[in-house]
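The block underneath contains the structure these notes are about, expressed in structure tokens.
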Amino acid sequence: MQSKAPLSRILVILTAVFAVLSGLYLLVGGIWLAKLGGSFYYIIAGVIELVVAWLLFRRRSSALLLYAVFLLATLIWSLWEVGSDFWALTPRLDVTFFLGLWLVLPFVYRGLSQGKFARGALSLVLVVTVIALAYSVFNDPQEINGSLSPEQAANIEKSGDGIAAGDWPAYGRTQGGTRYSPLTQINDKNVGQLKEAWTFRTGDMKRPTDPGELTDEVTPIKIGDSLYLCTPHQILFALDAATGKEKWKFDPQLKTDPSFQHVTCRGVSYYQTPDVATLPAGTKPAMCARRIILPVNDGHLYALDAETGALCPEFGENGKLNLQQNMPNARAGAYEPTSPPIITDKVIVVAGAVTDNYSTKEPSGVIRGFDVNSGKLLWAFDTGAKDPNVLPGEDQHYVANSPNSWAPASYDAKLDLVYLPIGVATPDIWGGNRTPEMERYASGLLALNATTGKLAWFYQTVHHDLWDMDVPAQPTLADINDKNGNKVPVIYVPAKTGNIFVLDRRTGKEVVPAPETPVPQGPAKGDRLSPTQPYSELTYRPKKNLTGADMWGATIYDQLICRVMFHSLRYEGPFTPPSEQGTLVFPGNLGMFEWGGISVDTDRQIAVTNPMALPFVSRLIPRGPNNPLWPDANDKGGSGTETGVQPQYGVPYGVTLNPFLSPLGFPCKQPAWGYVSAVDLKTNDIVWKKRIGTVRDSSPIPLPFKMGMPMLGAPISTAGNVMFIGATADNYLRAFNVTNGKSLWEARLPAGGQATPMTYEVNGKQYVLIAAGGHGSFGTKLGDYIVAYALPDDAK
């Protein structure tokens, strides 16, 4: 016993030293936070910890009693701030709880003057804390646990899309972007039995000349017994759909350099001549009667025979079309077609990404229609021109920096309208120099006649966009019953803001109201702001503005830093203007919805979605000695990334854009950062919403904690009542019950699955397939995998 007592006293002294250091940190940081208008809790906590330290130095058991009161008060304060949200409670209670637990351990407690009541009181509060945390694990206030109507459509073909049930012939299965399959072999009863059927490796990996934004975002298409897909460097593969064996490949020999903002390919497009459908069974079609259209990041478009991979000689120049023709400021990587084009029976509609935030001397965001057989230019719609349809002469150019359309478009064949998500004129984060023409078709949805390129209508989702809140995703077409039971042809437009705009796709008129709502004012010098922005009534945007209580961290210490950082930034809610002070952008630049879009079951009239919630910080950098108005002669052009320092040459400010992270690299906003959810489109109610994704592949310790992770990619859904999704920052493909959001199955992927899956049937077997190649700037593991899953032959 004599040897243990000195050890206990030493442990008490060491504990007191820790309490002193912790108390001083909380006191100093708390005073700083209070001066910024934040919570006074940390000052109180710091003072109490210093008093506890003093009592421990004096070996008083009353230290335990005071700490019990402090821990109980902290628990009450935490529940008051964030409710029964386990991950929000954790940083407020983890260190505090474990210090209390340490104090009641016998080998520590023996170093104090005896006081059983104090030890018992602290033990009781520890038990109460455990009970509260245990309750919070099963009562997540962020989740919605409703249920959609369970009945299946009586006739899964009634939507009449004209597509063979087992095929997936376009990026979103239909060119209306539904991402919905009528297949039912894999369903909510047997999906848990899925096994890997085959894996194909493309061999396309990151190269020394690539930028950081190397991404594998492809959704393969399937026609007949063949799959067609492109890799990040746009190598095109045709695979046997049943076995994954390579049939042929085509390499366009893309030469990248670090100035490219993206190296990615989301998919390819398919076209067949009208006579193919009438050929007798077993008859081989003529060369290029069935063709694959491949966009390439150096500004070219290829047409290849779907059977052999041979270039189509009558298309462009021996199968190759130069999209840099008449393009201002043309250079490889500055104009990049990254999404599959829309194909009609006459026209290929092509758009592309323009480098964001580099300069005012960038290529045009012009949208063009080319003859589907010859590649001849038929029309142009230049979003920054006084007359958008004027075709430039041989030595003329389209308008530089005009708003571009980088995300996949949609098409209604009956109306012959193509619907293009439109971005903002670059540079994005300062717009004082924008002309009325540059604003006219920016950050909204553009509907054009696909045959002529003439304007049908335009709907703007953000006015004078200074936040890069472009329309980021393929819109989705559906026919929905209104309150009177009438069918209305609508288009769903998911936006970065979290709004889903619902429009009559014939006219662009709102079907779901989106009233103009006042937003914060006070632009940067030389800029201007819209006094209002449209807020759709179908939305996932936050119900309230962020506060200090929403800040997070791994411990109370970095949470305090995040609260200080939060109160140091300018933030007045959505659309807070960019500033030199630094502006918190929430929803962030990554958006609540990204390029994947949503999935709509047009028969049940429901949608499944995957919204995100990750703030960003933008900070304007005035021009000065280290921030010149124009680059020097050695600058090769392009930033090679969409985050970090963005030069914005030609305007009065550069800008930094980064996720809002703590010094330890954790998000400063509390989880969840990503969800899966479902909407009843008859009522526009969000019926269920669940966290998705773990920190297994993004934390120093690979623990499978389900926190709700950011995503890049979209869900798909099936008539089997199953939703499939990869996308998350951990390497999984998952399945959920569409009706209630229950998790049904998950498979570990060999690399990041930042792609949208697809499903198809061949030889009587249904497969689910996803590209697992990772995402450079998202930080997931890179790879070159295409993975297919199917039920075992004896599955029920």
Side-chain angles (χ1 to χ4, degrees), residues 163-169 171 173 179-204 216-231 236-249 267-268 599 713-728 730-738 743-774 781 783-796:
I163 297 172
D167 278 357
W168 191 285
Y171 171 78
R173 187 171 183 273
R179 274 166 286 280
Y180 169 74
S181 169
L183 297 177
T184 59
Q185 184 181 99
I186 299 170
N187 55 59
D188 55 354
K189 306 296 192 299
N190 60 24
V191 66
Q193 301 177 57
L194 281 181
K195 301 293 182 184
E196 184 177 317
W198 54 260
T199 295
F200 177 77
R201 301 196 65 175
T202 68
D204 189 15
D216 194 346
E217 300 176 352
V218 66
T219 299
I221 61 174
K222 184 264 184 184
I223 302 98
D225 62 358
S226 296
L227 292 163
Y228 302 95
L229 60 102
C230 54
T231 68
L236 173 60
F237 285 90
L239 305 181
D240 183 283
T243 65
K245 300 296 183 183
E246 180 182 321
K247 290 187 171 183
W248 55 259
K249 78 173 182 178
V268 297
S599 173
I716 66 168
S717 58
T718 75
N721 197 38
V722 181
M723 165 189 177
F724 291 100
I725 184 169
T728 52
D730 56 353
N731 304 334
Y732 284 95
L733 176 65
R734 295 179 169 92
F736 296 86
N737 184 303
V738 170
S743 176
L744 300 175
W745 171 82
E746 65 181 25
R748 184 82 172 144
L749 296 172
Q754 281 64 61
T756 302
M758 50 86 75
T759 186
Y760 62 92
E761 188 176 81
V762 64
N763 299 333
K765 183 179 281 289
Q766 183 181 353
Y767 296 82
V768 177
L769 182 148
I770 189 169
K781 180 181 177 182
D784 64 339
Y785 302 88
I786 307 294
V787 188
Y789 300 88
L791 295 171
D793 293 336
D794 58 353
K796 297 181 180 180

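When every heavy atom of W168 is checked against every heavy atom of T759, the shortest pair comes out as CE3-O, 3.3 Å. When all heavy atoms of A772 and L749 are compared, the closest pair comes out as CB-CB, 4.3 Å. Nearest heavy-atom pair, V191 versus A735, reported as atom, atom and distance to 0.1 Å: CG2-CB, 3.8 Å. For G224 against V762, the heavy-atom pair with the smallest separation is O-CG2, 4.4 Å. Contact detail for A241 and Y760: the closest heavy-atom pair is O-OH, 2.6 Å. The shortest non-hydrogen separation linking P220 to L769 is CG-CD2, 3.4 Å.
Interatomic distance, M723 CE to L744 CG, rounded to the nearest 0.5 Å: 11.0 Å. The structure places CG of D784 at 4.0 Å from CZ of R201, a figure rounded to the nearest 0.5 Å. Atoms CD and OG1, from Q754 and T728 in turn, are 7.0 Å apart once rounded to the nearest 0.5 Å. Taken from CH2 in W745 to OH in Y789, the straight-line distance is 5.5 Å, to the nearest 0.5 Å. Atom CG of L239 and atom OG of S226 lie 8.5 Å apart (nearest 0.5 Å). Note that CZ of R179 and CD1 of I716 are 10.0 Å apart. Values are rounded to the nearest 0.5 Å.
Remark: the backbone N or O of Q185 is not paired with any side-chain donor or acceptor of K765 at under 3.5 angstrom. Formation of a donor-acceptor pair under 3.5 Å by the T219 side chain with backbone atoms of T756 is found in this model. No donor-acceptor distance shorter than 3.5 angstrom exists from the side chain of K195 to the backbone of A197, with no hydrogens or angles considered.
Put simply, the side chain of L194 reaches to within 4.5 Å of the side chain of F724, judged on heavy atoms. Side-chain contact check for R173 versus P182: some heavy-atom pair is nearer than 4.5 Å. By the 4.5 Å heavy-atom criterion applied to side chains, Y785 and I770 are not counted as neighbours.
In summary, the side chains of N721 and N187 do not present any donor paired with an acceptor at a separation below 3.5 Å, with no hydrogens or angles considered. Inspection of the E746 and S743 side chains reveals no N or O donor paired with an N or O acceptor under 3.5 Å.
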**OP:** Show your reasoning for whether side-chain contact (heavy atoms from CB on, under 4.5 Å) applies to L733 and V787.
**Re:** CA-CA 10 Å; L733 176 65; V787 188; over 6 Å; no
**OP:** Give the C-alpha distance, both sets of side-chain angles, the deciding distance and a yes or no for side-chain contact (heavy atoms from CB on, under 4.5 Å) between W198 and I786.
**Re:** CA-CA 8 Å; W198 54 260; I786 307 294; 4.1 Å; yes
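Cation-pi geometry between R748 and Y732 is met: under 6.0 angstrom from the ring centre, within 45 degrees of the axis.
Only one option out of V268, D204, L227, L229 pairs with F237 in a side-chain contact (heavy atoms from CB on, under 4.5 Å); it is L229.
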